[in-house]
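Notes to accompany the following structure.
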Amino acid sequence: MTAHLTHVTHPLVQHKLTLMRQKDTSTAVFRQLLREISMLLAYEVTRELPIMTRNIETPLQEMDAPVLAGKKLVLVSILRAGNGLLDGILELIPSARVGFVGLYRDEKTLQPVQYYFKVPPHLEDRMVIVVDPMLATGNSSVAAIDLLKKAGATKIRFLCLLAAPEGIARMKEAHPDVPIITAAIDEKLNEKGYIVPGLGDAGDRMFGTR
Ligand code: URA
């Protein structure tokens, strides 16, 4: 059985994440590090993809060699910061299908409201990897996964860079069947809902907005 929470402690991941956290890291370097770290995290999250064998011929002889089985996996980006993780993963898995979920926070109710939802067909037959760099309150992740389950997804993974204990607890309560893979578990959320120590606003840092 897959653990509910996997903390990827690989030294390369940890080193790159430290560089990303530093406030003086430029947008260009932040983006490059994000691309690299996404590939390393993708390696971890795809560990359990099913494989089968295919008969091939090497220059020396025939063999039954392993290949990925089943339908193409789906990457679902939670807009907009999810797109930063998406790019690197797509380099590693170019045939993956891609979906997008757009949510904003209603200022009165503080609840996430959907403004965009577009996903590939046959979600029920595919592994679905939801990507969002920051698991903070967990509200948008939980809402996005609610929508994906309604659309038929049954085998879902959640991939992030940083997770706050509050977000992990919220996900565990709402979606105990969805394993979380993260490069770090930070201390807490501050009063504005930012992860601390964190890396700031992931979207602003990767897109150069502020
Ligand atoms: N989203 C961000 O971009 N940063 C945080 O710290 C929390 C949510």
Side-chain angles (χ1 to χ4, degrees), residues 5-8 13-38 40-42 45 75-89 99-117 129-148 156-175 178 180-210:
L5 181 66
T6 301
H7 179 190
V8 182
V13 170
Q14 293 306 313
H15 181 81
K16 289 177 193 298
L17 183 57
T18 297
L19 299 178
M20 292 178 77
R21 286 182 188 271
Q22 284 173 235
K23 66 177 184 191
D24 295 332
T25 297
S26 69
T27 303
V29 172
F30 187 92
R31 229 181 254 162
Q32 174 64 22
L33 289 162
L34 183 58
R35 206 176 62 80
E36 294 166 2
I37 219 170
S38 332
L40 295 165
L41 293 174
V45 75
L75 304 171
V76 175
S77 167
I78 302 185
L79 298 172
R80 74 182 160 149
N83 285 15
L85 276 177
L86 185 64
D87 292 344
I89 305 177
F100 295 95
V101 180
L103 300 162
Y104 71 88
R105 196 160 79 137
D106 184 294
E107 290 307 328
K108 282 196 192 118
T109 63
L110 301 182
Q111 289 309 305
V113 181
Q114 171 194 335
Y115 66 87
Y116 191 74
F117 186 76
I129 303 173
V130 180
V131 297
D132 188 354
M134 311 299 270
L135 176 57
T137 60
N139 287 340
S140 53
S141 325
V142 165
I145 293 169
D146 284 341
L147 292 168
L148 290 166
I156 305 174
R157 304 281 181 270
F158 183 84
L159 183 64
C160 59
L161 276 186
L162 301 188
E166 294 88 334
I168 295 170
R170 173 101 173 81
M171 281 280 283
K172 188 165 189 182
E173 185 197 340
H175 296 297
V178 176
I180 299 166
I181 294 89
T182 183
I185 301 166
D186 272 16
E187 201 184 313
K188 59 177 182 183
L189 293 180
N190 71 10
E191 63 291 348
K192 289 187 178 151
Y194 277 88
I195 298 177
V196 285
L199 51 72
D201 187 297
D204 281 348
R205 295 207 60 191
M206 72 182 74
F207 297 120
T209 49
R210 198 123 63 105

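In listed order, ligands and their atoms are each counted from 1. Excluded from the calculations below are hydrogen atoms, water molecules and symmetry mates; all remaining heavy atoms, backbone and side chain alike, are included.
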Please tabulate, one pair per line, all N/O donor-acceptor pairs under 3.5 Å involving side-chain atoms of residues 201-210, not counting sequence neighbours.
from	atom 1	to	atom 2	distance (Å)
Asp201	OD1	Gly203	N	3.0
Asp201	OD1	Asp204	N	2.9
Asp204	OD1	Arg80	NH2	2.9
Asp204	OD1	Thr209	OG1	2.6
Arg205	NH1	Met20	O	2.8
Arg205	NH1	Arg21	O	3.4
Arg205	NH1	Leu199	O	3.1
Arg205	NH2	Met20	O	3.4
Arg205	NH2	Gln22	O	2.8
Arg205	NH2	Thr25	O	3.4
Thr209	OG1	Arg80	NH1	3.1
Thr209	OG1	Arg80	NH2	3.3

Checklist line | Sole candidate of Val131, Ile129, Val45, Leu5 that passes side-chain contact (heavy atoms from CB on, under 4.5 Å) when paired with Ile181 | finding: Val45

Next item on the list: Could you grab the distance from atom CG of Leu135 to atom CG of Leu161, nearest 0.5 Å is fine?
Entry: 11.0 Å

Notebook entry, point to check: When rounded to the nearest 0.5 angstrom, what distance separates CG in Leu79 from CG in Leu86?
Noted result: 9.5 Å

Note to self: As an exercise, state the distance from CE of Met134 to OG1 of Thr182, rounded to the nearest 0.5 Å.
What the structure shows: 9.5 Å

Item checked: Protein residues having a heavy atom less than 4.0 Å from any atom of ligand 1 -> Met134, Ala136, Gly193, Tyr194, Ile195, Gly200, Asp201, Ala202

Check: What is the minimum heavy-atom distance between Ala183 and Leu41, and which atoms define it?
Finding: CB-CD2, 4.2 Å

